[in-house]
Amino acid sequence: MRILYIGGTGEISYSCIQESARAGQRVTIFNRGKSSEPLPDTVERITGDLTNDADYARLGEQTWDVVCQFKAYDLKVVQRDLATFAGKCGQYLFISSASAYQKPPAGKPNAHIITEATPLENPYWPYSNAKKETEAQLMQWHESGKLPVTIVRPSHTYRRNFPSTIMSGDELAWRIEQGKSIIVHGDGTSLWVVTHSDDFAVPFVKLLGDKRALGQAFHITSDDVWSWNQIITAIGAALDHEPRMVHVPTATLCRYNPNWTGPLWGDKSHCVAFDNSKVKQIAPQWRCQVSMPQGMKRVAESYRQRAAAFVPKAPMQELMDRIAEEQTRLGA
């Protein structure tokens with residue numbers, strides 16, 4: 001099969017092209033060509049700018065068995081994809097987000113165990129709503145025969161960067177190594193799911209070219225759940241530093257910075273687990289191989305390669321320090 005990856009060197013997509021190449025697929029990636037990470041010898045690169053319509057139009061001059069769209073965050077991009085790939089691909093695979101699922105989960109026993117039937121209803125995060133709207137439009141095109149669509153929803157999938165909540169993974173690692181306080185929402189006991197991209201890639205590649213996946217949505221995640229306290233502790237262990245956690249109510253954090261409302265109230269403050277039985281119908285032998293503690297050790301190796309060049313953003317660090325000081329004084 002001829003597989004086009006739009007992206008291909010990101011946190012998730014790089015593992016997917018590696019797995020595609022191992023599966024014997026003919027892989028082409030389209031991106032700016034700025035990544036220093038090596039590509040498999042069999043992978044072809046088309047260098048171009050996603051925002052340049054002339055560069056992008058070249059992709060529609062060929063036919064593809066599958067187009068994997070990793071770089072669409074709103075309707076405008078997929079509308080251009082319809083014009084570019086309609087009649088030119090056998091499957092259009094859109095990377096959505098599990099953050100679009102209903103938050104907080106409600107309405108039935110064990111509602112925190114998310115299936116693909118869980119409503120897409122996240123009123124807190126514009127990013128998630130844009131994914132939901134894009135999914136709806138794509139499914140309309142699929143049903144009308146304009147574009148054969150499959151939707152995949154990752155949830156907090158990592159490879160080179162530590163899982164974090166209100167700051168980047170590198171900022172989190174830097175603060176741990178500097179002995180600075182780490183802000184953790186709530187009491188740190190809410191349950192979360194993190195998935196290494198190498199594990200994500202295995203069932204993802206199984207979906208490519210499989211007619212059973214057309215017109216369907218799948219999430220791909222680990223079956224394991226961890227508290228945020230456990231995740232932060234594992235990151236500290238991977239860095240050989242014990243993190244100094246300061247627990248702060250989610251509502252309080254959102255008052256400090258309203259921009260955290262989406263990532264926290266709309267996602268990470270809620271207990272979630274995922275039922276992956278749907279994707280396992282297509283990849284029945286698949287099980288995640290990289291445990292969360294093992295994954296944190298892998299990320300630490302990557303982080304150490306770039307840590308010397310990391311420059312923390314002063315406003316964020318000042319805000320973290322202020323929150324830690326004020327909340328500790330209150331007995332947080």
Side-chain angles (χ1 to χ4, degrees), residues 9-12 14-15 18 35-38 154-201 221-248 250 253 260 263-264 267-269 271 287-329 332:
T9 55
E11 196 75 347
I12 303 177
Y14 185 76
S15 291
Q18 298 279 350
S35 174
S36 60
E37 293 187 286
S155 179
H156 218 150
T157 308
Y158 68 96
R159 178 169 64 89
R160 299 166 299 183
N161 296 298
F162 288 114
S164 188
T165 54
I166 57 176
M167 67 185 92
S168 72
D170 282 1
E171 287 174 311
L172 173 64
W174 180 83
R175 288 188 68 86
I176 290 174
E177 291 192 323
Q178 295 297 313
K180 291 180 171 290
S181 297
I182 304 302
I183 306 299
V184 182
H185 61 275
D187 60 6
T189 60
S190 61
L191 301 177
W192 194 241
V193 177
V194 293
T195 309
H196 195 280
S197 62
D198 287 355
D199 285 326
F200 174 94
T221 77
S222 172
D223 293 323
D224 295 333
V225 294
W226 302 85
S227 74
W228 276 102
N229 286 340
Q230 290 173 314
I231 293 170
I232 300 299
T233 298
I235 293 172
L239 295 169
D240 298 320
H241 287 76
E242 184 175 353
R244 296 173 52 211
M245 288 184 266
V246 174
H247 296 92
V248 182
T250 296
L253 288 173
W260 293 337
L264 289 181
D267 207 23
K268 298 175 180 68
S269 65
C271 287
R287 299 292 184 275
C288 287
Q289 302 299 311
V290 183
S291 72
M292 185 274 290
Q294 290 171 338
M296 297 308 102
K297 291 179 181 178
R298 290 194 189 185
V299 177
E301 294 175 4
S302 177
Y303 169 73
R304 289 185 179 109
Q305 294 175 11
R306 60 181 183 269
F310 175 71
V311 178
K313 296 178 180 179
M316 172 61 78
Q317 300 310 317
E318 291 168 1
L319 178 58
M320 293 293 101
D321 291 340
R322 180 164 71 88
I323 293 172
E325 179 183 351
E326 292 177 355
Q327 296 301 309
T328 299
R329 191 185 311 133

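Quantities reported herein were computed from a predicted structural model and do not represent experimental measurements.
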Nearest heavy-atom approach of Lys313 to Glu171 is CB-OE2, 4.0 Å
Please walk me through it: do Met245 and Thr233 pass side-chain contact (heavy atoms from CB on, under 4.5 Å)?
CA-CA 9 Å; Met245 288 184 266; Thr233 298; 3.6 Å; yes
State whether the number of non-hydrogen atoms from other residues, nucleotides or ligands found under 6.0 Å of Glu326 atom CD is greater than 12.
yes
How many angstroms lie between atom OG1 of Thr195 and atom CZ of Phe200, to the nearest 0.5 angstrom?
8.5 Å
Return the minimal non-hydrogen interatomic distance between Val194 and Ser222, and the atom names on each side.
O-CB, 3.6 Å
Parallel, tilted or perpendicular: which fits the ring planes of His156 and Trp192, with parallel below 30° and perpendicular above 60°?
perpendicular
Measure the CH2-OG distance between Trp260 and Ser269 for me, rounded to the nearest 0.5 Å.
14.0 Å
For the student: nearest non-hydrogen atoms of Met296 and Ala238, plus distance
O-CB, 3.5 Å
From CA spacing to verdict: side-chain contact (heavy atoms from CB on, under 4.5 Å), Met320, Arg175:
CA-CA 10 Å; Met320 293 293 101; Arg175 288 188 68 86; 3.4 Å; yes
So, taking the atom named CZ in Arg159 and the one named CD in Gln18, what distance separates them when rounded to the nearest 0.5 Å?
8.5 Å
Do any N or O atoms from the side chain of Gln317 and from the backbone of Pro315 form a donor-acceptor pair under 3.5 angstrom?
no
Report the residue from Ile176, Ile235, Thr165 that forms a side chain to side chain contact (heavy atoms under 4.5 Å, CB included) with Ile182.
Ile176
With respect to Leu172, which candidate in Pro243, Pro163, Ser164 satisfies the side chain to side chain contact (heavy atoms under 4.5 Å, CB included) definition?
Ser164
Apply side-chain contact (heavy atoms from CB on, under 4.5 Å) to the pair Ile231 and Met292, showing each step before the final yes or no.
CA-CA 8 Å; Ile231 293 170; Met292 185 274 290; 4.2 Å; yes
Arg306 versus Ser302, side-chain donor and acceptor atoms under 3.5 Å:
yes
Exam field: side chain His185 to backbone Leu264, donor-acceptor pair closer than 3.5 Å:
no
Any luck finding a side-chain donor-acceptor pair between Ser168 and Asp170 under 3.5 Å?
no
Looking at every heavy atom in both Thr157 and Ser197, which two are closest together, and how far apart are they?
CG2-CA, 3.6 Å
Spatial distance of atom CD1 (Ile183) from atom CE (Met167) [nearest 0.5 Å]
6.5 Å
Can any side-chain N or O of Glu11 pair as donor or acceptor with the backbone N or O of Asn161 at less than 3.5 Å?
yes
With the threshold set at 4.0 Å, does a side-chain nitrogen-carboxylate oxygen contact exist between Glu325 and Arg329?
yes
Atom of Ala201, atom of Ser15 and distance for their closest heavy-atom approach
CB-O, 3.5 Å
With no hydrogens and no angle check, just 3.5 Å: does a side-chain donor-acceptor pair link Asn229 and His247?
yes
What distance separates Arg244 CZ from Lys180 NZ, expressed to the nearest 0.5 Å?
9.0 Å
Where do Tyr158 and Gly295 come nearest, in terms of heavy atoms and distance?
OH-CA, 3.2 Å
Can you tell me how far the CG atom of Asp187 sits from the OG1 atom of Thr250, to the nearest 0.5 Å?
9.5 Å
